[in-house]
Amino acid sequence: RIQELIENHNFRPNALARSLMNMENRLIGLLVSDIRNPFYSMLTVECEAAAYRRGYLLMVCNSLGDNDKDLDYLNKFYRQRVDAVIQIGGTVDAVSADPQFLSAVNRMAGSIPFLTTGALEGADCYRVSIDEEESMRLLMEYLHENGHERIALAGGRKDVRSTADKQRIYREMLGSYGIGVREEYILENGSYDVEGGERIMTRFLESGCQMPTAVIAINDFTAVGVTHVLRERGIRIPEDISVVSFDNTFITETCVPRLTSVGYDYRQFGELLIGTAMQAIHGEKPPEIQRIMPALTIRNSSARASV
């Protein structure tokens, strides 16, 4: 009789009522820095798919590169009583942690697990992070093996930990090759978008400095901007200059020429983030720090140094 009533009235279980019984909303909050960037969008898709496979809903919030919104979103997640919070980019990537944000994370972590792809030193959180040092080593070794000594590093800000780490390894590896660091080849622009790549490459070309034989862009978006300007000026890629980047998103296949890029297994990344969240939610105490290892994909935008 009960089954007949269920079928006749098209009954569906009420998620709120069920959550009141087991004290679990089956809801994970995901805060990303800027979903317009393909790195964040690709990782968000994989996190959502991984959560769905486990019967969880992902609540996605996007700060559009405005770190001042992060604390407000964090508080909203807390009020929504999500089962865990994952933050990718933004405040958690700062070299120096914001004290107010850090305090909020630690206050929340007493009842809601917090995961991040950043560092956020001093926080009671779980970290699933890219091995930034290995990412830079892969590109530097590849370029050096192909005869490049004049190598520029373009994009980003040194107050962002991933950029600061890349700049540090860049300097260290040039030193290990016996190549002096040319400060004019470290091109910061304060951004990680296509327009930023265009601005920084235009400014460099107009400076009159000796051309590098290779440019390492801080991400694929920046690399697209760099290649736009080089091609407009009649500088051939890779015949005159090689361009390589980080993240290996779908952008690499649409860029002309196709980009050589260091990237990550985004499906594995998403699975690890959500899987770690599941363990924390259920009190299983996952590792506090886990690493995602990078891999280099060589395409048409790079070649042996011509000079």
Side-chain angles (χ1 to χ4, degrees), residues 12-65 69-93 101 104-105 108-120 123-131 247-250 263-294:
R12 294 290 182 273
N14 184 289
L16 178 60
R18 294 177 73 176
S19 69
L20 290 173
M21 292 181 66
N22 59 23
M23 298 304 292
E24 186 177 328
N25 292 324
R26 304 187 75 80
L27 180 64
I28 296 174
L30 177 66
L31 176 56
V32 297
S33 178
D34 193 341
I35 207 163
R36 295 169 299 187
N37 184 316
F39 169 79
Y40 295 114
S41 59
M42 289 177 67
L43 190 49
T44 296
V45 166
E46 295 300 341
C47 285
E48 185 170 18
Y52 178 82
R53 286 191 289 270
R54 292 165 171 82
Y56 278 72
L57 180 67
L58 204 65
M59 178 187 289
V60 180
C61 292
N62 172 40
S63 62
L64 292 174
K69 295 179 181 177
D70 287 357
L71 182 58
D72 187 41
Y73 277 128
L74 192 69
N75 290 329
K76 283 182 169 64
F77 283 145
Y78 185 78
R79 289 195 294 271
Q80 289 290 326
R81 304 306 299 172
V82 297
D83 297 307
V85 172
I86 300 171
Q87 183 168 356
I88 305 171
T91 305
V92 295
D93 281 346
F101 187 81
V105 168
M108 184 185 72
S111 56
I112 300 174
F114 183 87
L115 291 78
T116 177
T117 58
L120 204 60
D124 181 9
C125 66
Y126 299 97
R127 292 169 54 189
V128 179
S129 306
I130 295 165
D131 191 325
D247 292 347
N248 199 29
T249 64
F250 63 85
Y264 331 98
D265 184 330
Y266 286 93
R267 182 183 174 93
Q268 178 196 33
F269 204 165
E271 279 285 340
L272 190 55
L273 281 166
I274 297 300
T276 300
M278 294 295 97
Q279 289 180 286
I281 289 167
H282 297 121
E284 296 174 16
K285 295 188 177 179
E288 290 187 3
I289 300 176
Q290 299 174 82
R291 295 290 186 198
I292 293 293
M293 299 307 295

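Throughout, residue positions are numbered sequentially from 1 according to the sequence presented.
- For the atom pair CZ of R127 and OG1 of T117, the computed distance is 10.0 Å after rounding to the nearest 0.5 Å.
- The line from CZ of F39 to CZ of F269 is 5.0 Å long, rounded to the nearest 0.5 Å.
- Residues S129 and G118 approach most closely at OG-O, 3.3 Å, considering heavy atoms.
- Distance check, rounded to the nearest 0.5 Å: CG of L31 to NZ of K76 gives 11.5 Å.
- Looking at D131 and P294, their side chains come closer than 4.5 Å, going by heavy atoms from C-beta outward.
- By the 6.0 Å contact criterion, CD on E284 is enclosed, its count of non-hydrogen atoms from other residues, nucleotides or ligands being greater than 12.
- When atom types are taken as modelled, the side chain of N25 and the backbone of R81 share a donor-acceptor pair closer than 3.5 angstrom.
- Atom OG of S63 sits about 12.0 Å away from atom CG of L71, to the nearest 0.5 Å.
- Residues meeting the side-chain contact (heavy atoms from CB on, under 4.5 Å) test with L57, sequence neighbours left out: L27.
- Under the side-chain contact (heavy atoms from CB on, under 4.5 Å) criterion, Y52 pairs with no residue, sequence neighbours left out.
- Put simply, the side chain of I28 does not reach to within 4.5 Å of the side chain of V82, judged on heavy atoms.
- Using a 4.5 Å heavy-atom threshold, the side chains of I274 and E46 count as separate.
- Contacts of R79 classified as side-chain hydrogen bond (donor to acceptor under 3.5 Å, both in side chains), with partners at least two apart in sequence or in another chain: none.
- Contact between G89 and S33 at its shortest, heavy atoms only, is C-CB, 3.9 Å.
- Between the side chain of Q279 and the backbone N or O of I281, no donor-acceptor pair lies under 3.5 Å.
- Side-chain atoms of L30 and I88, non-hydrogen and from C-beta on, do get closer than 4.5 Å to each other.
- Closest non-hydrogen pair, C47 versus G270, comes out as SG-CA, 4.0 Å.
- With values rounded to the nearest 0.5 angstrom, T276 atom OG1 is found 9.5 Å from Y126 atom OH.
- Shortest non-hydrogen contact noted between A277 and I86 is CB-CD1, 4.4 Å.
- In terms of the side-chain contact (heavy atoms from CB on, under 4.5 Å) criterion, residue partners of A123 (sequence neighbours excluded) are, by chain and number, L102, V105, N106, L120, C125.
- With hydrogens and angles ignored, the 3.5 Å screen pairs a side-chain donor or acceptor of D83 with a backbone N or O of R26.
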### Message
Between Y266 and I292, does the side chain to side chain contact (heavy atoms under 4.5 Å, CB included) criterion hold? Intermediate values first, please.
### Response
CA-CA 9 Å; Y266 286 93; I292 293 293; over 6 Å; no
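- For Q268, the side-chain hydrogen bond (donor to acceptor under 3.5 Å, both in side chains) criterion is met by no residue, not counting sequence neighbours.
- Interatomic distance, CD1 of I130 versus CZ of R291, reported as 10.0 Å (0.5 Å rounding).
- Partners of D265 under the side-chain hydrogen bond (donor to acceptor under 3.5 Å, both in side chains) rule, at least two apart in sequence or in another chain, do not exist in this structure.
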### Evaluation steps, side chain to side chain contact (heavy atoms under 4.5 Å, CB included), between T91 and L74
CA-CA 11 Å; T91 305; L74 192 69; over 6 Å; no
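- Scored by the salt bridge (Lys or Arg N to Asp or Glu O under 4.0 Å) test, R267 finds no partners at all (sequence neighbours excluded).
- By the 4.5 Å heavy-atom criterion applied to side chains, F77 and Q87 are not counted as neighbours.
- Residues passing the side-chain contact (heavy atoms from CB on, under 4.5 Å) test with D93, sequence neighbours excluded: Y40, V160.
- The shortest non-hydrogen separation linking M108 to Y78 is CG-CD1, 3.5 Å.
- By the salt bridge (Lys or Arg N to Asp or Glu O under 4.0 Å) test, E271 pairs with R53, R54, sequence neighbours left out.
- With N62 contributing its side chain and I35 its backbone, the two residues share a donor-acceptor pair below 3.5 Å.
- Applying the side-chain hydrogen bond (donor to acceptor under 3.5 Å, both in side chains) criterion to R36, with sequence neighbours excluded, gives D34.
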